[in-house]
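Below: one structure, written as structure tokens.
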Amino acid sequence: MNNEILLKHLRNVPDFPIPGIQFKDVSTLYKSARCLRIMVNELYDIYKDKGITKVVGIESRGFVVGAALAYKLGAGFIMARKPGKLPADTLKESYMKEYGKDTIEIHSDAITEKDIVLIHDDLLATGGSMLAAYNLVQQFNPKQTYINFIIELTIEGLNGMAKFPDNVEITTLIKI
Ligand code: AMP
């Protein structure tokens, strides 16, 4: 029922940012008070007993629900950002995208070995950006790492889920 409400509110924008891509525009989920509440509450129910101490949000669509969820879980919120955006010392992870290389960074004092981390992003496509975020978080050697997406694209050939180690718990609220 809740997932149907989310699906109903999600806007599909054909041919953005390039021809052939069906862009899932989560801004229509974020602007709906009802959807925002559903997403944060559902994720809170999933993660409330996991002892999460840090939520990592991936720039920028992962910041919205990530920060709200961190607040509700009583956890801290960490920004995983594009290169050159964070002002202090960072750890980095580079990864290959369709057109060239990209890098993400987290402040080097953001996570400790005592942390239990949940990494959150809006959408799983190929999994490349989340895998980089996961590998980046592993550089901090936290106690445990969980992964969540609001949307999982299950289009044939993407195989995003297959990128991650079997022992990592991954949840998604809606599959398309
Ligand atoms: P990937 O690394 O291929 O899993 O891509 C995931 C990232 O790219 C997420 O941060 C998404 O916001 C964005 N993204 C990729 N494909 C789409 C899509 N079809 N609709 C909306 N966002 C997308």
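Both counts, for ligands and for their atoms, begin at 1 and track the order of listing.
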(request) Answer yes or no for G160: is there a heavy-atom contact with ligand 1 below 4.0 Å? (result) no

Using only atom types and a distance under 3.5 Å, with no angle test, would you say the side chain of [X] pairs donor to acceptor with the backbone of [Y]?
{"X": "Y146", "Y": "Y47", "answer": "no"}
{"X": "N3", "Y": "L173", "answer": "yes"}
{"X": "T126", "Y": "G128", "answer": "yes"}
{"X": "S108", "Y": "D89", "answer": "yes"}

(message) What verdict does the side-chain hydrogen bond (donor to acceptor under 3.5 Å, both in side chains) test give for Y95 and T103, after you've listed the backbone C-alpha separation in whole Å, the side-chain angles of each residue and the deciding distance to 0.1 Å?
(response) CA-CA 6 Å; Y95 61 106; T103 301; over 6 Å; no

Output the list of atoms in ligand 1 that are nearer than 4.0 Å to some heavy atom of [X], sorted by atom number.
{"X": "S129", "result": "1 (P), 2 (O), 5 (O), 6 (C), 7 (C)"}
{"X": "D122", "result": "9 (C), 10 (O), 11 (C), 12 (O)"}
{"X": "T126", "result": "1 (P), 2 (O), 3 (O), 4 (O)"}
{"X": "R61", "result": "11 (C), 12 (O), 13 (C)"}
{"X": "L153", "result": "19 (N)"}
{"X": "D121", "result": "9 (C), 10 (O)"}

What protein heavy atom sits nearest [atom], and how far off is it?
{"atom": "atom 20 (N) of ligand 1", "answer": "K24 N, 2.9 Å"}
{"atom": "atom 17 (C) of ligand 1", "answer": "L123 CD2, 3.5 Å"}
{"atom": "atom 4 (O) of ligand 1", "answer": "G127 N, 2.7 Å"}
{"atom": "atom 22 (N) of ligand 1", "answer": "F23 CE1, 3.4 Å"}

(request) Can you confirm whether something in the protein, heavy atoms only, sits under 4.0 Å from atom 14 (N) of ligand 1? (result) yes

(request) Please determine which of N148, I52, I46, L118 meets the side-chain contact (heavy atoms from CB on, under 4.5 Å) test together with L69. (result) L118

(request) Inspect the contact between R81 and E105 and indicate whether a charged nitrogen and a carboxylate oxygen are less than 4.0 angstrom apart. (result) no

(request) Would you indicate which of K163, E152, Q22 comes nearest to atom 18 (C) of ligand 1 when only heavy atoms are counted? (result) Q22

(message) Just to verify, what does K175 make a side-chain hydrogen bond (donor to acceptor under 3.5 Å, both in side chains) with, not counting sequence neighbours?
(response) E152, T172

(message) K72: which residues meet the side-chain hydrogen bond (donor to acceptor under 3.5 Å, both in side chains) condition with it, sequence neighbours left out?
(response) N41

